[in-house]
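Here is how names work: the chains are called A, B, and so on, in the same order as the sequence lines, proteins then strands, and each is numbered from 1. Excluded from the calculations below are hydrogen atoms, water molecules and symmetry mates; all remaining heavy atoms, backbone and side chain alike, are included.
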2 protein chains.
Amino acid sequence: MSEQGWQQGPGRTNKATRSDPGGITEELTPRQQEVLEVILGCVEQEGRFPSIREIASRLRLASPATVFQHMEALETKGCLRRRGRRWMLDPKVRRDQGIPIVGRVAAGSPLTAVEQIEGQLSADFLGLRKGRFGVRVVGDSMSGEGILEGDYAIVDPAATISNGDLVVAYLGEEQEVTIKRFFKHPWGIELRPANPRYETMRVCEGDPSLRMAGKVVGLMRRF
Amino acid sequence: MSEQGWQQGPGRTNKATRSDPGGITEELTPRQQEVLEVILGCVEQEGRFPSIREIASRLRLASPATVFQHMEALETKGCLRRRGRRWMLDPKVRRDQGIPIVGRVAAGSPLTAVEQIEGQLSADFLGLRKGRFGVRVVGDSMSGEGILEGDYAIVDPAATISNGDLVVAYLGEEQEVTIKRFFKHPWGIELRPANPRYETMRVCEGDPSLRMAGKVVGLMRRF
DNA sequence: CAGACTACCAAACAAACGTTCGGTATGCAA
DNA sequence: TTGCATACCGAACGTTTGTTTGGTAGTCTG
């Protein structure tokens with residue numbers, strides 16, 4: 001029988017994915033991509049995993065078994081996971097809220113020129129990860145390097161700090177928050193500001209008046 | 001009977017929430033907050049809504065009915081929604097990936113000092129919303145205002161531009177991307193750089209060599 | 001051609017699900 | 001003391017779920 005209105009399977013025409021330069025959802029057939037897309041959209045918009053029958057109805061498929069097969073394929077390809085009878089997204093396919101980075105735009109709105117998209121500006125891209133924290137920049141001791149009062153520095157307390165890195169440290173009795181450039185010498189530690197009006201700080205290693213909070217991995221500013 | 005090990009309901013001791021200055025989850029009882037917390041955690045980590053029995057087991061509750069009641073309360077308070085028999089998060093309680101902004105920290109890791117958390121650094125906070133796009137900063141014409149080469153400017157093409165705002169514009173025959181400060185005069189438009197080594201640009205209104213891309217609403221930098 | 005792969009179907013099953021009901025316990029306010 | 005709200009229980013009901021089975025069909029490779 002073939003009196004139904006479904007779109008027939010395109011056979012082996014679909015080898016892999018052409019889009020997605022990121023490479024996360026590589027090697028998915030178009031149909032598998034569509035299934036993933038429905039799931040991602042549902043999770044993003046409503047915060048819940050759609051049921052197999054719901055995915056089927058959105059893709060106008062009459063049988064849950066069809067979607068089930070696609071999901072099994074997505075599982076072996078690492079996009080989905082199962083715990084018991086419950087499906088969940090693999091963390092790597094989670095898309096966080098982001099906006100495109102555009103290059104030069106010939107005409108029209110940059111958002112319609114897909115060819116010009118060079119990447120994605122997202123929380124992940126900025127380094128907004130668990131275990132890190134933000135510090136509001138006070139003072140202008142780093143204004144020489146484009147770090148202004150009111151900016152937010154993103155700090156990773158777990159990162160290893162090398163010479164020349166920007167660090168956040170708590171200084172002195174008041175344990176004031178400061179951003180400086182870190183240098184380690186045989187005689188101790190040097191914290192150098194970018195603004196020459198401020199003094200470079202030098203302390204011995206192990207001085208209790210200096211506590212390192214972590215390495216500055218990002219900066220954000222709002223206008 | 002009371003031979004069980006469950007923590008007894010604290011009665012009317014709990015009138016509302018003391019934490020959460022944002023005010024989204026206001027007026028939730030501690031238990032309701034815990035239920036919401038479990039749900040949010042599950043949605044964030046795994047991208048699926050937990051079953052009522054799963055929430056119950058995480059909170060060490062023996063009956064799904066208990067969680068069900070809490071969820072009904074969360075629904076009337078606007079945190080959860082239902083479509084048929086399916087539960088979903090209300091969009092306003094969705095937390096996007098973010099890190100805490102800490103102030104001064106007296107001791108220990110800043111991440112354990114909850115009292116010092118002043119806010120949340122998130123994609124939303126930076127303005128990473130739909131309809132906006134990012135542009136990589138080229139050149140040092142705005143270095144006087146802390147905008148350096150390699151930074152990413154977040155641009156809102158829909159925002160109304162006022163005098164003094166930072167804007168992204170496409171200039172000249174090459175339609176080069178530039179960030180400048182915008183001023184409108186009776187005779188036309190002025191685009192002023194922050195670096196005095198660059199010239200201020202002045203064009204008549206309607207000049208085709210100038211196309212405004214939008215207002216700069218945020219900036220991010222990676223180290 | 002056969003074999004492999006994608007894509008889809010209908011029907012059925014057991015497990016898990018949301019939900020309802022009736023009940024107990026506790027603390028607070030009227 | 002009565003009333004009300006929060007907080008929890010166990011048992012049960014009907015629905016929805018993920019899953020399995022067995023099948024058809026198209027398209028590409030060898």
Side-chain angles (χ1 to χ4, degrees), chain A residues 1-17 27-36 38-39 42 48-77 80-89, chain B residues 1-17 27-36 38-39 42 46 48-77 80-88:
Chain A
M1 85 325 213
S2 62
E3 30 143 344
Q4 279 135 310
W6 40 267
Q7 60 281 48
Q8 187 47 43
R12 249 291 187 89
T13 320
N14 14 282
K15 293 198 167 172
T17 307
E27 310 218 19
L28 296 186
T29 68
R31 211 57 175 152
Q32 286 163 10
Q33 271 186 81
E34 284 178 55
V35 172
L36 229 197
V38 169
I39 295 170
C42 198
R48 49 167 260 269
F49 208 94
S51 76
I52 288 183
R53 281 169 176 85
E54 195 176 349
I55 300 167
S57 90
R58 290 212 196 185
L59 295 173
R60 297 196 187 152
L61 295 170
S63 173
T66 305
V67 175
F68 183 77
Q69 279 173 224
H70 287 308
M71 288 172 74
E72 277 184 319
L74 286 167
E75 189 190 15
T76 65
K77 291 182 179 176
L80 299 181
R81 286 162 180 257
R82 257 192 284 191
R83 210 168 57 207
R85 299 164 54 98
R86 313 207 44 152
W87 292 88
M88 46 195 256
L89 282 173
Chain B
M1 83 327 216
S2 63
E3 30 143 345
Q4 279 135 313
W6 40 267
Q7 58 282 50
Q8 187 47 41
R12 250 290 186 91
T13 320
N14 14 280
K15 293 198 167 170
T17 308
E27 310 218 19
L28 296 186
T29 68
R31 212 57 175 152
Q32 285 162 11
Q33 272 185 81
E34 284 179 54
V35 172
L36 229 197
V38 170
I39 295 169
C42 198
E46 308 180 342
R48 50 165 257 269
F49 208 95
S51 75
I52 287 183
R53 281 172 176 83
E54 196 177 348
I55 301 168
S57 91
R58 290 214 197 185
L59 295 173
R60 298 196 184 152
L61 295 171
S63 174
T66 305
V67 175
F68 184 76
Q69 281 172 224
H70 287 308
M71 289 173 75
E72 277 185 319
L74 285 167
E75 189 190 15
T76 65
K77 290 181 180 177
L80 299 180
R81 285 161 181 257
R82 256 192 284 190
R83 211 168 57 204
R85 302 163 55 96
R86 312 205 47 151
W87 293 87
M88 46 195 257

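- Following rounding to the nearest Å, Met71(B) (CE) and dC17(C) (C1') show an atom-to-atom distance of 11 Å.
- In this structure, Ile55(A) places its CD1 atom 16 Å from C1' of dA7(C), rounding to the nearest Å.
- Note on the helix from dG3(C)-dC28(D) to dA30(C)-dT1(D): terminal axis deviation equals 30°, with five pairs used at each end and the result rounded to 10°.
- Taking both residues in full, the closest heavy atoms of Lys77(B) and Thr29(B) are given as NZ-N, 4.3 Å, listed atom of the first, atom of the second, then distance.
- With a 4.5 Å cut-off on side-chain heavy atoms, Leu80(A) and Phe49(A) count as touching.
- Residue His70(A) places none of its side-chain N or O atoms closer than 4.0 Å to OP1 or OP2 of dT6(C).
- Considering every non-hydrogen atom in both Pro50(B) and Ile39(B), the closest pair reads CG-CA, 3.9 Å.
- Distance CZ (Arg60(B)) to C1' (dC9(D)): 18 Å, rounded to an integer number of Å.
- The number of heavy atoms from other shown groups lying within 6.0 Å of CZ (Arg81(A)) does not exceed 12.
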Going through the checks in order, is the side-chain contact (heavy atoms from CB on, under 4.5 Å) test met by Val38(A) and Glu54(A)?
CA-CA 9 Å; Val38(A) 169; Glu54(A) 195 176 349; over 6 Å; no
Per-nt protein contacts along nucleotides 14-21 of chain D (heavy atom under 4.0 Å; B base, S backbone sugar-phosphate only, - none) come out as B-SBBBBB
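- Taking the side chain as every heavy atom from C-beta outward, Leu89(A) and Leu36(A) approach each other to under 4.5 Å.
- OP1 or OP2 of dA5(D) has not a single side-chain nitrogen or oxygen of Thr29(B) nearer than 4.0 Å.
- Distance CD (Gln33(A)) to P (dA7(C)): 11 Å, rounded to an integer number of Å.
- Spacing between atom CZ of Arg31(A) and atom P of dG26(D) amounts to 17 Å, rounded to whole angstrom units.
- To the nearest angstrom, P of dA7(D) lies 10 Å from CG of Leu28(B).
- What separates CD of Gln32(A) from P of dT6(C) is a distance of 7 Å, to the nearest Å.
- dG18(C) atom P lies 14 Å from atom CD of Glu75(B), rounded to whole Å.
- Nearest approach of Met71(B) to Ile52(B), heavy atoms of both residues: SD-CG1, 3.6 Å.
- Contact check on Arg86(A) versus Glu46(B) returns no salt bridge, with no Lys/Arg side-chain nitrogen under 4.0 Å from an Asp/Glu carboxylate oxygen.
- Looking at residues two or more places apart in sequence or on another chain, you find no side chain to side chain donor-acceptor pair (under 3.5 Å) involving Glu72(B).
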